[in-house]
S.K.: 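Can you keep this structure in mind? I'll have questions shortly.
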Amino acid sequence: MSLAPRLDLRQSQSLVMTPQLQQAIKLLALSNLEIETFIAEEVERNPLLDAQGGDDGGPPELADSGDDFEPRDGPADASELILGGGEAAGEAALDVDLATEAFHHDSASDMIGGLDGSLGMNGATSGGSEDGPDLDSLGTSDLSLADHLLAQAGSSVSGPDLFIAQHLIDQIDECGYLTVPLREIAERLGVPLARVEAVLAVIQTFDPTGVGARDLAECLALQAKEADRYDPCMARLIDNLELVARGDLGRLRRICNVDDEDLADMIRELRNYDPKPGCRYGGDPVPAVTPDIFVARRGNGWAVEINAATLPRLLVNRAYYAEVSGGKQDKASKAWLTDMLASANWLVKALDQRQRTIIKVASEIVKQQEGFFLKGVAHLRPLTLRQVADAIEMHESTVSRVTSNKYLSCARGLFELKYFFTSAIQSADGGEAVSAEAVKSAIKTLIAAEDPKKILSDDTLVEMLNAKGFDIARRTVAKYREAMGIGSSVQRRRQKALEGAG
């Protein structure tokens, strides 16, 4: 074997992604509102671009009943729903398959433990429940908790105590709790501990009641004192919150030395208190989720349309280009103008191509999950990104990007596109597999209808689900139940007991 240096010629193929192609791929993962921000930046940068505002109003009137209406057999396709007609040329340019490409975490919902993602207390996913999320929930106040407390401190304390109060308020978290030990604060400021405790006692009289507490028991005690309900019995109840959580009413009656009626009244009073008083203040209002796609029943099929209200229409100002290019220009100015025109033309084409790709993916999702749109979550079918990608002849990464950060509005509510992709649960009778979301819905329904005196165990749930045709193991039932924020049979039994006492 020779170790001498030598020159070799080798041929190889590689995929070179231009900056324009990289930008076009990035556009797929953006929501309509993010696209609107991107367009505003491009219009400011490129004088040859003009943006016209989106349509006014809400969802488009998809269910048109005019004389020229022709019922369809399936979902409307891109060429029918995008202005201008005709298929986008070079659509496959965005459909890039790179061996080193990571496309599984384009959306925040992808980071929550796979397609089974964690659910809220009511069993709703990030995409919404069957009836859609509560979009009318109240936002938080514009005034931050710290500002609210500082305003009260300015009129209640003065001098060095005001400096201590300001430092204490800085250590109060968004829920209203003091997060740093008082001794550490006293050493840091070089003041006696008793003086810090005295200032904290003043802060604990501020609005909202319960702010400045160091733990939940102290927070509830402050609110009970404000309501003039902090008697020795209530104090012992608050000191034994772990027994309240476990629903151990017998021990609580003995500790508090009260009868059933008084204990029920005390628990009812305790439930009226706010365990996180600081959450009433601070932070920006929670923005409402804006749908990117509208789906509506039309004849025997479905109409799928982009939300034009949040998507400005981008045009190339060719009149301005003709005016500028007709004047005297040096070489650099001419090159710059040519680049601006090419950039503007590319962006208009890329946005049009993006819309067509989104419509194509959304239409296939509607086609695959038609049972859900007609009958509800119990008829949601197992679906993967690859199934949709194979059906529309695109790569899985393209479908992943299209379904990231985008929401679909239909008669059943508002859902993230990722919501329609769920794992499969085999049917007990050997029939067609069912969606994991359908199984979760069945578990939630069974638990909601259970008799308070006969709480269903996980084993009982398995038997009832098998009777419904779901071939599911006990550990899977437990996993789905915990994912929906539903406690075990023991926890639910104690909760029912507390509700009965309340």
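Scope of the values below: all heavy atoms of this structure, side chains included, with no hydrogens, waters or symmetry mates. From a predicted model like this one, the values you see are computed outputs, not experimental measurements.
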S.K.: Does His167 reach the main-chain N or O of Ile185 with its side chain, forming a donor-acceptor pair under 3.5 Å?
M.R.: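 Not confirmed, His167 side chain does not pair with Ile185 backbone.
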
S.K.: Kindly write out the residues that satisfy side chain to side chain contact (heavy atoms under 4.5 Å, CB included) with Gln387, not counting sequence neighbours, or none if the list is empty.
M.R.: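 Expected list: Leu383, Thr384.
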
S.K.: Below 4.0 angstrom, N of the basic side chain to O of the carboxylate: do Arg253 and Asp259 qualify?
M.R.: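 No, Arg253 and Asp259 are not salt-bridged.
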
S.K.: In a check of side-chain contact (heavy atoms from CB on, under 4.5 Å) between Ile169 and each of Ile164, Leu145, Ile203, which one passes?
M.R.: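 For Ile169, the side-chain contact (heavy atoms from CB on, under 4.5 Å) test succeeds with only one of Ile164, Leu145, Ile203, which is Ile203.
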
S.K.: Is it the case that the side chain of Thr460 and the backbone of Leu456 share a donor-acceptor pair, with hydrogens and angles ignored and the cut-off at 3.5 Å?
M.R.: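 Not confirmed, Thr460 side chain does not pair with Leu456 backbone.
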
S.K.: How about Met394 and Lys360: do any of their side-chain heavy atoms sit closer than 4.5 Å?
M.R.: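 When only atoms from C-beta onward are counted, Lys360 and Met394 do touch, with a gap below 4.5 Å.
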
S.K.: State yes or no: are the ring centers of Phe373 and Phe420 separated by less than 6.0 Å?
M.R.: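 Ring centroids of Phe373 and Phe420 are less than 6.0 Å from each other.
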
S.K.: Any side-chain to backbone donor/acceptor pair from Asp248 onto Leu243? Under 3.5 Å, distance only.
M.R.: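 Side chain of Asp248 to backbone of Leu243, a donor-acceptor pair under 3.5 Å: no, none is there.
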
S.K.: Is the closest side-chain heavy-atom distance between Leu149 and Leu168 below 4.5 Å?
M.R.: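 Counting from C-beta outward, Leu149 and Leu168 never come under 4.5 Å.
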
S.K.: Determine, for Asp239 against Arg236, whether the closest basic-nitrogen to carboxylate-oxygen distance falls under 4.0 angstrom.
M.R.: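 The answer is no: the pair does not qualify as a salt bridge.
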
S.K.: In sequence, state the C-alpha distance, the side-chain angles, and the governing distance for Phe415 and Phe372, and then conclude on ring pair (Phe, Tyr, Trp, His ring centres under 6.0 Å).
M.R.: CA-CA 12 Å; Phe415 303 88; Phe372 165 82; 5.2 Å; yes

S.K.: Would the distance check show the side chain of Asp173 and the main-chain N or O of Gly176 forming a donor-acceptor pair, the cut-off being under 3.5 Å?
M.R.: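 At least one qualifying donor-acceptor pair exists.
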
S.K.: Tell me yes or no: between the side chains of Ser400 and Ser397, is some donor less than 3.5 Å from an acceptor?
M.R.: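 No, no side-chain donor-acceptor pair sits under 3.5 Å.
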
S.K.: Under a 4.5 Å cut-off applied to non-hydrogen side-chain atoms, are Asp292 and Leu408 in contact?
M.R.: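 Sidechains of Leu408 and Asp292: no contact.
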
S.K.: If only atom types and distance count, is the side chain of Glu416 paired as donor or acceptor with the main-chain N or O of Tyr407 below 3.5 Å?
M.R.: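 Such a contact is absent between Glu416 side chain and Tyr407 backbone.
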
S.K.: Is the shortest side-chain N to carboxylate O distance from Lys479 to Asp458 below 4.0 Å?
M.R.: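 No, Lys479 and Asp458 are not salt-bridged.
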
S.K.: Taking only Lys NZ, Arg NE, NH1 and NH2, and the carboxylate oxygens of Asp or Glu, determine whether Arg280 and Glu174 approach each other closer than 4.0 Å.
M.R.: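 No salt bridge links Arg280 with Glu174.
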
S.K.: Looking at Leu150, is its backbone amide N or carbonyl O close enough to the side chain of Gln166 to form a donor-acceptor pair, meaning the two atoms are under 3.5 Å apart?
M.R.: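 Not a single qualifying donor-acceptor pair exists.
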
S.K.: Donor-acceptor pair, distance only, cut-off 3.5 Å: does the side chain of Arg492 make one with the backbone of Gly487?
M.R.: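 Yes, Arg492 side chain to Gly487 backbone: donor-acceptor pair under 3.5 Å.
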
S.K.: Whether the Ser31 and Lys406 side chains hold a donor-acceptor pair (N or O, under 3.5 Å, no angle test) is what I'd like checked.
M.R.: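 Short answer, no.
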
S.K.: Between Gln369 (side chain) and Ile365 (backbone), is there a donor-acceptor pair under 3.5 Å?
M.R.: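 Absent.
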
S.K.: If we ignore hydrogens and angles and just use 3.5 Å, is the side chain of Arg229 paired with the main-chain N or O of Met266 as donor and acceptor?
M.R.: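 Pair absent, no side-chain N/O of Arg229 close to backbone of Met266.
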
S.K.: Does Ala29 offer a backbone N or O that forms a donor-acceptor pair with the side chain of Asn405 under 3.5 Å?
M.R.: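 Yes; at least one donor-acceptor contact below 3.5 Å.
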
S.K.: Assess whether a salt bridge exists between Arg246 and Glu242, defined as any Lys/Arg side-chain N lying under 4.0 Å from an Asp/Glu carboxylate O.
M.R.: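 Result for this pair is no, no salt bridge flagged.
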
S.K.: Assess the side chains of Glu226 and Tyr230: does a donor N or O sit below 3.5 Å from an acceptor N or O?
M.R.: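 No pair is found: no donor N or O on one side chain lies under 3.5 Å from an acceptor on the other.
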
